[in-house]
Colleague: 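Here it is: the structure, laid out below.
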Amino acid sequence: MEQIDSDCRKVKVTLPDGSAIEVCAGTTVGEVAAMISRRLASRAVLGIVDGGIHDLQHKIESDCDLTILEEGDERSLDALRHTAAHVMAQAVRRLFPGVHMAIGPSIATGFYYDFDKEGSFTPEDLEAIEKEMRKIVAENLPLVREEVPREEAIAKLAAAGEVFKAELVEDLPDDYVSFYHQGEFSDLCRGPHLPRTGMLKAFKLLNVAGAYWRGDEKRPMLSRIYGTAFPTKAELDEYLKMLEEAARRDHRKLGRELDLFSVHDEAGAGLIFYHEKGAALRTAVEQFWREEHAKRGYKYVITPHIAESTLWDISGHNGYYRDNMYFLNIDEKEYVLKPMNCPGHILVYQSRSHSYREMPIRYCELGTVYRYERSGVLHGLLRVRGFTQDDAHLFCTPEQLHEEITGVIDFAIFMLKSFGFEEYEIFLSTRPEKSVGSDENWERATAALKGALEDHGLAYHVDPGEGVFYGPKIDIKLKDALGRMWQGPTIQVDFNLPERFDVNYIGSDGEKHRAVMIHRVVLGSMERFIGCLIEQYAGAFPVWIAPVQAQVLSIGERHVDYARKVAADLLARGFRVELDVRDEKIGYKIREAQLEQVPYMVIVGDKEQEQGAVSVRARRGGDMGSMPLEQFAGIVQGLIDSRSCEEV
RNA sequence: GCCGACGUAGCUCAAUGGUAGAGCGGCUGACUUGUAAUCAGCAGGUUGCGGGUUCAAUUCCCAUCGUCGGCUCCA
């Protein structure tokens with residue numbers, strides 16, 4: 001144990017095991033680690049001081065709880081990646097001296113750094129940068145924190161031409177800002193960081209991309225390099241393997257391989273053509289959707305795809321949504337290809353008056369809408385220009401709002417669960433600065449949304465002020481194979497359209513009252529949902545939605561008639577069945593059906609033909625042996641009825 | 001839309017300025033098949049589309065459409 005200077009001010013440091021040591025005020029976290037053990041000193045990377053994460057060079061000035069984090073600790077991952085970002089920036093500065101740095105944080109999957117560079121980085125540049133990074137790691141430079149007065153920092157950065165960095169400091173409220181130095185490199189940074197560059201063991205630069213400074217398209221376009229880093233090579237390799245695995249699950253790849261859908265240059269970007277199998281999948285989902293809506297008191301309506309511009313003047317879309325709309329000119333009149341279903345549903349509602357006794361009224365429609373999306377954002381099925389919303393509009397009294405919202409959230413969660421989605425995130429967006437509707441209504445609706453989430457015990461994030469101008473909303477975001485989030489179900493309260501269209505009901509007092517409207521989708525859109533579904537199941541759909549539920553395979557020529565009979569029987573029972581009587585070996589046919597992820601292969605040869613039976617092979621379980629056709633049909637029907645993800 | 005990469009047979013990918021090739025798939029034939037690929041032959045391309053440079057362009061340049069990775073926005 002180190003000698004403690006007896007006349008220093010003593011502070012008590014409590015360790016996780018409850019023991020405490022006394023050290024002089026000003027002792028660093030790293031020095032405390034060294035007092036505890038030599039091993040800890042060599043492995044320590046960071047310290048948690050009273051819950052806050054700090055560098056080893058952080059000075060302890062008062063009594064505190066301290067946890068020393070060792071290399072590999074999950075809680076040090078952010079710092080590790082942030083350090084990797086600095087090392088990358090240092091490498092870039094060495095190789096491209098004229099380049100200025102913007103911002104370089106750690107992110108959920110790694111880190112990035114934005115640079116202002118003439119031209120952009122090439123893949124060869126990335127290799128060179130990575131090589132230089134390894135050199136910097138080998139140099140094992142210590143990262144040293146320095147506090148600098150704000151104004152001095154701004155002057156220093158401005159003098160160095162680091163305008164982006166200077167701007168960042170301008171926006172910081174503190175009197176002092178911190179810099180981290182490693183060798184010849186220094187960077188404005190809040191920290192914390194690993195103690196030395198040598199502790200960076202496993203990293204990889206992944207790709208380059210353009211990114212606007214501060215995400216603002218009016219500001220300069222910077223070059224962003226993405227990379228990732230892990231405590232160990234094994235973890236990095238595992239992550240890279242996961243990326244490869246994700247690429248295999250990519251719905252665009254599977255969509256082609258499984259013959260589900262396509263897009264065509266001739267037709268235009270972002271427009272989806274469902275092939276027979278994709279359509280079968282979608283139809284299965286839709287059928288379930290319709291049944292569940294009927295059960296919950298929704299009434300299906302059908303509205304036109306185009307409507308005169310005047311309708312969109314009333315709704316206001318012609319103003320604020322115009323950039324996203326497609327227009328048609330017919331007989332010198334302007335028509336709009338509908339970007340939303342709401343005005344149509346309102347017209348249905350408005351076609352006669354409604355009593356409070358009828359409320360709530362729930363109209364639903366699988367309504368296909370078209371929205372202009374900028375070319376750069378299109379993405380397979382997940383972001384398209386023509387899509388079918390699984391839409392519904394609920395008209396209710398203000399008093400019914402809470403119950404309706406609760407019902408919708410319940411419904412949305414039920415739908416996600418039915419399709420095996422367990423991972424999603426919920427966002428509640430509250431009133432923005434510019435909005436319509438009374439304080440009372442906003443409060444009531446926001447409370448209803450919040451209350452419904454809490455009733456369900458659902459964790460959610462609040463996006464303050466991120467609501468739409470017409471009302472608060474809940475968004476549920478689904479993850480794709482790569483973990484990117486896509487908005488699926490959404491529930492939006494609307495105070496605007498009821499005003500614009502004068503949507504009302506007759507109350508018990510015989511007077512007209514303003515109805516409240518809820519827009520909601522419980523899947524999102526069919527396109528996006530199907531896309532997520534493909535990735536969710538990696539193409540191996542549960543039997544109840546599988547495009548082909550069973551494929552009948554004949555062994556030889558003399559079994560063709562029997563195979564046809566079996567297939568016809570299964571078809572008649574309502575199953576989705578395909579027949580393969582090609583002149584091929586059974587192994588070949590099985591392989592093909594297997595690659596297409598058909599849940600059940602029904603194999604018929606001499607034995608089956610004699611016994612009037614079928615031999616069943618499951619895509620997962622393999623050979624299930626011979627059984628009467630009736631029995632097989634029963635198994636499949638059972639799985640369909642229970643919407644089971646498990647297979648026999 | 002912006003930044004960058006990419007676009008060759010249905011699919012996956014070769015061909016770095018000199019007449020475009022493979023595997024899989026497709027078609028035809030032979031084999032008559034028992035639980036993840038039988039063999040042989042044949043067909044298939046105005047190299048996304050349009051310009052330009054060149055004696056000559058898949059290859060170099062420009063423009064355009066599309067795809068991919070991001071930025072921004074949204075179901």
Side-chain angles (χ1 to χ4, degrees), chain A residues 112 114 117 119-123 206-226 247 250 252-253 256-257 259 262-270 321 323-324 339-341 367 369 371-391 468 475-478 482 484 486-490 492 519-529 531-532 553-560 582-595 601-608 615-619 622-626:
Chain A
Y112 68 79
D114 286 346
K117 177 181 184 290
S120 76
F121 294 102
T122 64
L206 297 172
N207 49 353
V208 285
Y212 296 107
W213 169 234
R214 300 201 143 177
D216 184 344
E217 62 187 89
K218 292 182 194 70
R219 312 201 64 179
M221 175 65 72
L222 306 171
S223 292
R224 174 173 298 180
I225 303 179
Y226 281 95
D250 191 310
R252 294 163 299 192
K253 184 177 157 69
R256 195 169 42 239
E257 287 174 358
D259 198 14
S262 55
V263 290
H264 299 269
D265 284 11
E266 304 91 312
Y321 207 71
D323 288 349
N324 289 297
M340 295 190 186
N341 298 304
V369 298
R371 298 182 187 172
Y372 172 76
E373 296 282 354
R374 300 203 284 183
S375 59
V377 305
L378 300 175
H379 183 100
L381 289 180
L382 301 182
R383 167 69 103 260
V384 292
R385 286 180 175 157
F387 57 101
T388 301
Q389 290 185 299
D390 65 305
D391 216 350
V468 207
D475 295 320
I476 301 182
K477 298 188 182 181
L478 304 176
L482 279 169
R484 294 175 293 207
W486 299 88
Q487 186 175 314
T490 176
Q492 311 187 349
H519 309 251
R520 51 104 282 192
V521 287
V522 287
L523 302 177
S525 71
M526 296 315 298
E527 283 69 19
R528 183 173 288 177
F529 192 76
C532 287
L553 315 179
S554 58
I555 300 267
E557 215 172 84
R558 62 181 176 280
H559 314 119
V560 170
R582 287 176 305 173
D583 214 5
E584 293 289 350
K585 285 195 168 177
I586 195 66
Y588 180 86
K589 296 189 193 180
I590 287 171
R591 178 182 155 80
E592 217 160 77
Q594 185 76 45
L595 290 175
M601 288 156 254
V602 174
I603 298 159
V604 294
D606 286 335
K607 211 169 55 187
E608 291 75 19
S615 185
V616 180
R617 183 190 162 93
R619 69 181 161 195
D623 194 351
M624 291 166 65
S626 184

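Numbered from 1 within each chain, the chains take letters A, B, ... in sequence-line order. The figures here come from the full heavy-atom set of this structure, side chains too, leaving out hydrogens, waters and symmetry mates.
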Colleague: With a 3.5 Å cut-off and just heavy-atom distances, do the side chain of A/Arg528 and the base of B/rC74 make a donor-acceptor pair?
Modeller: yes

Colleague: Does a side-chain N or O of A/Arg484 approach OP1 or OP2 of B/rG69 to a distance below 4.0 Å, or not?
Modeller: yes

Colleague: Heavy atoms only, 4.0 Å cut-off, all strands: where does A/Tyr226 land among base, sugar-phosphate and nothing?
Modeller: sugar-phosphate

Colleague: What does A/Leu595 touch in the nucleic acid at a heavy-atom separation under 4.0 angstrom: a base, only the sugar-phosphate, or nothing?
Modeller: base

Colleague: Considering only NZ, NE, NH1 and NH2 on the basic side and carboxylate oxygens on the acidic side, decide whether A/Asp606 and A/Arg558 come within less than 4.0 Å.
Modeller: yes

Colleague: Is A/Ser223 close enough to B/rC3 that one of its side-chain N or O atoms is under 4.0 Å from OP1 or OP2 there?
Modeller: no

Colleague: Round to the nearest Å and state the distance from A/Tyr212 atom OH to B/rG70 atom P.
Modeller: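 Atom OH in A/Tyr212 sits about 15 Å away from atom P in B/rG70.
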
Colleague: Across the strands shown, which category fits A/Tyr321 at heavy-atom distances under 4.0 angstrom: base, sugar-phosphate, nothing?
Modeller: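 It contacts nothing in the nucleic acid.
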
Colleague: Determine the contact category for A/Arg617: base if any of its heavy atoms lies under 4.0 Å from a base atom, sugar-phosphate if only primed atoms, P, OP1 or OP2 are that close, otherwise nothing.
Modeller: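 Counting heavy atoms under 4.0 Å across all strands, the contact made by A/Arg617 includes a base.
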
Colleague: Please classify the nucleic acid contact of A/Ile586 as base, sugar-phosphate, or nothing, using heavy-atom distances under 4.0 Å.
Modeller: sugar-phosphate

Colleague: A/Arg383 has a side chain; which of B/rA36, B/rC71, B/rC73 sits nearest to it?
Modeller: B/rC73

Colleague: Which part of the nucleic acid does A/Val377 contact within heavy-atom distance under 4.0 Å: base, sugar-phosphate only, or nothing?
Modeller: base

Colleague: Give A/Ser120 one of three labels, base, sugar-phosphate or nothing, depending on what nucleic acid heavy atoms sit under 4.0 Å from its own.
Modeller: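 Sugar-phosphate contact only - A/Ser120 comes under 4.0 Å of backbone atoms but never of a base.
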
Colleague: For A/Arg256, report the nucleic acid contact type (base, sugar-phosphate, nothing); a contact means any heavy atom under 4.0 Å.
Modeller: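 Contact class for A/Arg256: sugar-phosphate only.
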
Colleague: Strictly below 4.0 Å, N to O, side chains only: are A/Glu257 and A/Arg252 in salt-bridge contact?
Modeller: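 No salt bridge links A/Glu257 with A/Arg252.
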
Colleague: Is there a donor and acceptor pair, one atom on the side chain of A/Glu592 and one on the base of B/rG25, closer than 3.5 Å?
Modeller: no

Colleague: For A/Asp265, report the nucleic acid contact type (base, sugar-phosphate, nothing); a contact means any heavy atom under 4.0 Å.
Modeller: sugar-phosphate

Colleague: Mind checking A/Gly622 for me? I need base, sugar-phosphate or nothing, with any heavy atom below 4.0 Å counting as a touch.
Modeller: nothing

Colleague: Work out how far the P atom of B/rC11 is from that of B/rU64, and round it to whole angstrom.
Modeller: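 It works out to 26 Å between them.
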
Colleague: Can a side chain N or O of A/Arg252 be found less than 4.0 Å away from OP1 or OP2 on B/rG69?
Modeller: yes

Colleague: When we call it a touch if two heavy atoms are under 4.0 Å apart, what does A/Glu608 touch: a base, just sugar-phosphate, or nothing?
Modeller: base

Colleague: Students often get this wrong, so: under 4.0 angstrom with heavy atoms, is A/Val384 touching a base, only sugar-phosphate, or nothing?
Modeller: base

Colleague: Figure out the CG/P separation between A/Leu382 and B/rU67, and round it to whole Å.
Modeller: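 Nearest whole value for this atom pair: 13 Å.
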
Colleague: Would you indicate what A/Ala211 reaches in the nucleic acid, counting non-hydrogen atoms under 4.0 angstrom: base, sugar-phosphate, or nothing?
Modeller: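 If one applies the 4.0 Å heavy-atom cut-off, A/Ala211 turns out to touch the sugar-phosphate alone, with no base involved.
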
Colleague: Base, sugar-phosphate alone, or nothing: which one does A/Glu557 contact when heavy atoms must sit under 4.0 Å apart?
Modeller: base

Colleague: Salt-bridge test for A/Arg617 and A/Asp623: reply yes if a basic N is under 4.0 Å from a carboxylate O, no otherwise.
Modeller: no

Colleague: So, is A/Arg582 near the phosphate of B/rC27, with a side-chain N or O under 4.0 Å from OP1 or OP2?
Modeller: no

Colleague: Ignoring backbone atoms, test whether A/Gln487 places a side-chain nitrogen or oxygen under 4.0 Å from the OP1 or OP2 oxygen of B/rC74.
Modeller: no

Colleague: With a cut-off of less than 4.0 Å, is there a side-chain N or O of A/His379 near OP1 or OP2 of B/rU67?
Modeller: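 Checking A/His379 against B/rU67: no side-chain N or O falls below 4.0 Å of OP1 or OP2.
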
Colleague: Any salt bridge between A/Asp216 and A/Arg214, counting N to O under 4.0 Å?
Modeller: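 Between A/Arg214 and A/Asp216 there is no salt bridge, as every charged N stays at least 4.0 Å from the carboxylate O atoms.
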
Colleague: Below 4.0 angstrom from OP1 or OP2 of B/rC2, is there any side-chain N or O of A/Arg374?
Modeller: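 Answer is no, no contact under 4.0 Å.
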
Colleague: Produce a footprint string for nucleotides 37-43 of chain B: one letter per nucleotide, 5' end first; B if the base is under 4.0 Å from any protein heavy atom, S if only the sugar-phosphate is, - if neither.
Modeller: BB-----

Colleague: Is it true that A/Arg582 and A/Glu592 make a salt bridge, defined as a side-chain N closer than 4.0 Å to a carboxylate O?
Modeller: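 A salt bridge links A/Arg582 with A/Glu592.
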
